[in-house]
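Down below is the structure, laid out as structure tokens.
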Number of protein chains: 2
Amino acid sequence: MPRPRSLSPDRLAAAALAVLDRDGLAALSMRAVAAELGMSTMALYRYVRDREELELLVVELVLAGVDTAPPPAGLPWRERIEVLVRRMRDTLSAHPSVVPLTVSHRHHSLGVLRWSETVLTVLAGAGFEGGRRVVALRALIAYVNGALQLEHLGALSGAGTAAISDLPADEFPLMAATARDARRVDAEREFFGGLAVLLRGLE
Amino acid sequence: MPRPRSLSPDRLAAAALAVLDRDGLAALSMRAVAAELGMSTMALYRYVRDREELELLVVELVLAGVDTAPPPAGLPWRERIEVLVRRMRDTLSAHPSVVPLTVSHRHHSLGVLRWSETVLTVLAGAGFEGGRRVVALRALIAYVNGALQLEHLGALSGAGTAAISDLPADEFPLMAATARDARRVDAEREFFGGLAVLLRGLE
DNA sequence: CCTCGTAGGTGTACGACGTACGCCTACAAG
DNA sequence: CTTGTAGGCGTACGTCGTACACCTACGAGG
């Protein structure tokens, strides 16, 4: 019977995402999101319990955008998983600042659950059962999480690699050499090369 | 010619680590570390430029504790890498609150560089060269990072898995089943099972 | 032994953060 | 038209990182 809500959780999350995409993770604050929506800071607390819940909404919004439809049935199972992982990566690459948030909020996200369900479907179809299936799924999630963070916090093309390549050659001969090679490995090859290794190991 | 320093970077880092181990990551603040040392907050700024540099010192201190000596030469190369990864995991498991910090400060840590150099030595000995070696190292780092975070933020034995196991069975049949299986997979098997998959894929 | 400059250590203060609390008010049901 | 519920807002508190100005302990040069 009272006054109707003027905001949907989606609009709230969209405002937070706009702040993230424009100004980065450090700029995400209750005040910034409120300003983005043209309302007062405290008004947000009619929609979320605290900042953490707002972060979860953003993660939900982004991950809900991942296509979790079963990948083409004609493909071998390893390529079907690669399709699923690629969809996840493409979605998160469009919003790099969200990547760190996904780590802590993964468990509570419906989007992740749906994606995982589809991955499990492929794994089950490939004959994975019981503990082996658990290990396979968790290894995939661990790799994707870790690789996406590496990609957005310390890309191979970044300053870190450059700094490494002129390390003292006597103590770090291989690091220096590998850093030089690394400049010729782009992000795509790094990410999917590693994924291919993992999938080969699952066979 | 002036007054000598009363603190070493190591003592500073040790104080911060004590706070982390006792009260967790959220409790780490310049004020808390200063109190731990019995000095004023601002005195810390004679030793570090800002909070980030203090975090780096902690990561350095912890990662310097990882044994980077070449693993037993008698072992096959995959087992030698497993030994190196196990050392890294053991060290970080003793200080779980440090794990999130390692992600952002990895690049600047001598400890990580030394560890990576040793891993590269094993990889080179196994015949990995050029781009393949880069991809192998990065995949290992991505997996270890991701798996350690999963382990400390959402362990399989935790509430997340329990919540998943009673999800709507019609929409998430495999998730529910897999969560039930997951309760019988301990952290050790999860971590090294995934690592074994990755190493098998490298072969 | 006595300066004296350098750098260690401190206290205060500022702006930003998350958020508890209490108030006003717009609205839909009666 | 009344009225209760919940939306929205302003203020305020405690915490954070840290800029700045100030004392002061100390080792080198006289």
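Not measured: the values here are computed from a predicted model.
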D/dG7 C1' sits how many Å from A/Leu12 CG, rounded?
13 Å
Relative to B/Phe191, does B/Arg89 satisfy both conditions: NZ or CZ under 6.0 angstrom from the six-membered ring centre, and within 45 degrees of the ring's axis?
yes
Starting from P on D/dC16, measure out to OH on B/Tyr45 and report it in whole angstrom.
11 Å
Round to a whole Å and report the spacing from CZ of A/Arg49 to C1' of C/dA20.
15 Å
Rounded off to whole Å, could you give me the CG-to-P distance for the A/Leu54 and C/dT19 pair?
10 Å
Euclidean distance, A/Asn145 CG relative to B/Leu148 CG, rounded to 0.5 Å
12.0 Å
Sub-3.5 Å pairs of nitrogen or oxygen atoms, protein against nucleotides 20-22 of chain D:
none

Hey, are the side chains of B/Pro100 and B/Leu25 touching, using non-hydrogen atoms and a 4.5 Å cut-off?
yes
What verdict does the side chain to side chain donor-acceptor pair (under 3.5 Å) test give for B/Arg133 and A/Thr178, after you've listed the backbone C-alpha separation in whole Å, the side-chain angles of each residue and the deciding distance to 0.1 Å?
CA-CA 7 Å; B/Arg133 197 206 284 156; A/Thr178 307; 3.1 Å; yes
State whether A/Thr41 places a side-chain N or O below 4.0 Å from either non-bridging phosphate oxygen (OP1 or OP2) of C/dT19.
no
Might you list the N or O atoms of the protein lying below 3.5 Å from N or O atoms in nucleotides 15-17 of chain C, with each pair's distance?
from   : atom 1 : to      : atom 2 : distance (Å)
C/dC17 : OP1    : A/Ser29 : OG     : 3.4

Does OP1 or OP2 of D/dG8 have a side-chain N or O of A/Tyr47 closer than 4.0 Å?
yes
Close side-chain approach of B/Val122 to B/Val119, heavy-atom, < 4.5 Å:
no
Residues A/Phe192 and A/Arg86: closest non-hydrogen pair is CE1-NH2, 3.5 Å
Donor-acceptor under 3.5 Å (B/Arg80 side chain, B/Pro71 main chain)
no
Does A/Glu203 offer a backbone N or O that forms a donor-acceptor pair with the side chain of B/Arg200 under 3.5 Å?
yes
